[in-house]
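Following: one structure in structure tokens, then a few remarks.
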Amino acid sequence: MVPLAQVTEEACREAEIYKAAGIDGLIIENMHDRPYTVGVGAEITATMTVICATVKKTCPLLPVGVQILCAANQEAVAVALASGLDFIRAEGFVFSHVADEGILNACAGDLLRYRKRIGAEHVQVFADIKKKHSAHALTADVDVAETAKAAEFFLADGVVLTGTATGLEADPKELEEVRHAVKIPVLVGSGVTLENVKDYLDANALIVGSYFKKGGYWANDLDPDRVKRFMDHAGKVRG
């Protein structure tokens, strides 16, 4: 087990690298906390609060968000409120599906009522649609655009489009479909690289993780050179 102080120090070190490279915002996630469980312990919520609050102090002017795996969306809202964060990324917002952790049921109603109850309505909720690492046979008759419409109808602040797994690219055609289907922001949440970023310029935001790591693999250390090259290139292609 890695001590919390060491994890927090590493998170802040990475945040400084991202900030220096001109990143537009940050999202903190317990990606290494495998295997994920449906229902997290209080220790995870407490740990994420400490890390998030410290990173926000490191980057007070950047938008910062949090995702807590697996589907710990209410806990993420509580962490965001306590830490002064700006948004969360939520799994299972609309339509049930089978994830690798088990069955996840839609949570929009409970989540947004909880957000209001604790006074966190300023914390935005960006909802995954047809999310990665999941089977969607239960909703095979509902396409990604209709799923996005449902998330918008259920008051998501934005939707997140992904490929089928971490590091795998989203379908640019699906991005076009979703962009035309909703008026809320559309984020691309996996598989963005230096080579394909041009395919996602119509997205409102890009969540980039794996590409910034050494060798482009999510579990490796952060590679400052890859971050800088990507941001330099992104600055050119987005004008």
Side-chain angles (χ1 to χ4, degrees), residues 24-25 27 29 38 63 65-74 76-77 86-113 115 121 123-193 195-211 234 237-239:
D24 301 301
I27 184 167
E29 181 185 51
V38 178
V66 62
Q67 178 176 15
I68 301 180
L69 303 171
C70 149
N73 301 320
Q74 290 191 15
V77 168
D86 306 283
F87 65 92
I88 72 161
R89 179 176 178 178
E91 302 174 78
F93 190 76
V94 289
F95 294 108
S96 298
H97 61 269
V98 182
D100 42 14
E101 303 92 353
I103 295 177
L104 298 183
N105 287 316
C107 70
D110 290 339
L111 178 62
L112 296 193
R113 283 171 173 80
R115 182 179 67 169
E121 288 183 284
V123 176
Q124 293 186 301
V125 174
F126 298 138
D128 273 283
I129 50 173
K130 298 281 186 180
K131 75 173 290 290
K132 58 187 177 179
H133 300 290
S134 301
H136 297 283
L138 290 171
T139 55
D141 56 337
V142 182
D143 65 21
V144 69
E146 289 299 321
T147 305
K149 287 181 182 179
E152 181 179 46
F153 183 70
F154 273 17
L155 304 179
D157 296 295
V159 293
V160 183
L161 182 69
T162 68
T164 57
T166 296
L168 298 185
E169 62 188 63
D171 186 343
K173 292 182 180 178
E174 288 190 348
L175 172 60
E176 183 178 1
E177 292 171 8
V178 173
R179 283 277 291 165
H180 282 96
V182 298
K183 296 180 180 178
I184 56 177
V186 180
L187 296 73
V188 172
S190 74
V192 179
T193 68
E195 293 73 28
N196 68 19
V197 66
K198 64 184 184 301
D199 297 329
Y200 303 113
L201 296 180
D202 288 337
N204 296 100
L206 307 175
I207 300 173
V208 184
S210 297
Y211 182 79
V237 298
R238 68 182 178 180

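For F126, the ring pair (Phe, Tyr, Trp, His ring centres under 6.0 Å) partners two or more places apart in sequence, or in a different chain, are F87. By the side-chain contact (heavy atoms from CB on, under 4.5 Å) test, I103 pairs with V98, N105, sequence neighbours left out. Under the rule for a side chain to side chain donor-acceptor pair (under 3.5 Å), Q67 has no partner lying at least two apart in sequence or in another chain. Looking at residues two or more places apart in sequence or on another chain, you find no side chain to side chain donor-acceptor pair (under 3.5 Å) involving E152. Residues satisfying the ring pair (Phe, Tyr, Trp, His ring centres under 6.0 Å) criterion with Y211, sequence neighbours excluded, are F230. For the side-chain contact (heavy atoms from CB on, under 4.5 Å) test, residues two or more places apart in sequence or in another chain that qualify with E101 are Y36, V38, C70, A99. A search for side-chain contact (heavy atoms from CB on, under 4.5 Å) contacts involving A205 returns L187, not counting sequence neighbours. Every side chain to side chain donor-acceptor pair (under 3.5 Å) that D24 has, sequence neighbours left out, goes to R238. Evaluation of the side chain to side chain donor-acceptor pair (under 3.5 Å) rule for D199 yields no partner, not counting sequence neighbours.
When all heavy atoms of I129 and A148 are compared, the pair lying nearest together is CD1-CB, 3.8 Å. Annotation for S96 and T139: closest pair O-CG2, 4.0 Å, computed over non-hydrogen atoms. In plain terms, the two heavy atoms of V188 and A203 that are nearest each other are CG2-CB, 3.8 Å. Across every non-hydrogen atom of F93 and A106, the tightest pair is O-CB, 3.7 Å. Taking all atoms of both residues into account, the shortest heavy-atom contact from A108 to V94 is CB-CG1, 4.5 Å.
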With a cut-off of 3.5 Å and sequence neighbours excluded, list every side-chain donor-acceptor pair involving residues 156-164.
unit_1: D157; atom_1: OD2; unit_2: R115; atom_2: NH1; d: 3.1
unit_1: D157; atom_1: OD2; unit_2: V125; atom_2: N; d: 2.7
unit_1: T162; atom_1: OG1; unit_2: K132; atom_2: N; d: 3.2

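The closest side-chain heavy-atom distance from D110 to Q74 is below 4.5 Å. Put simply, the side chain of D86 does not reach to within 4.5 Å of the side chain of Q124, judged on heavy atoms. When side chains are defined from C-beta on, E169 counts as touching Y200, because their heavy atoms get closer than 4.5 Å. L206 is listed as a side-chain neighbour of V197, based on a closest heavy-atom distance under 4.5 Å. Counting heavy atoms from C-beta outward, V186 and L175 have side chains that approach closer than 4.5 Å.
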L112 vs E121, side chain to side chain contact (heavy atoms under 4.5 Å, CB included): CA-CA, chis, key distance, verdict: CA-CA 8 Å; L112 296 193; E121 288 183 284; over 6 Å; no

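For residues 132-162, the pairs satisfying ring pair (Phe, Tyr, Trp, His ring centres under 6.0 Å) are H97-H136, with sequence neighbours left out. Applying the side-chain hydrogen bond (donor to acceptor under 3.5 Å, both in side chains) rule to pairs touching residues 176-192 yields R179-N204, sequence neighbours excluded.
Between atom CD of residue E174 and atom NZ of residue K130 there is a gap of 9.0 Å, rounded to the nearest 0.5 Å. Rounding to the nearest 0.5 angstrom, the gap separating the CD atom in E91 from the OG atom in S134 is 7.5 Å.
Looking at T193, its side chain does come within 3.5 Å of a backbone N or O of N196 through a donor-acceptor pair.
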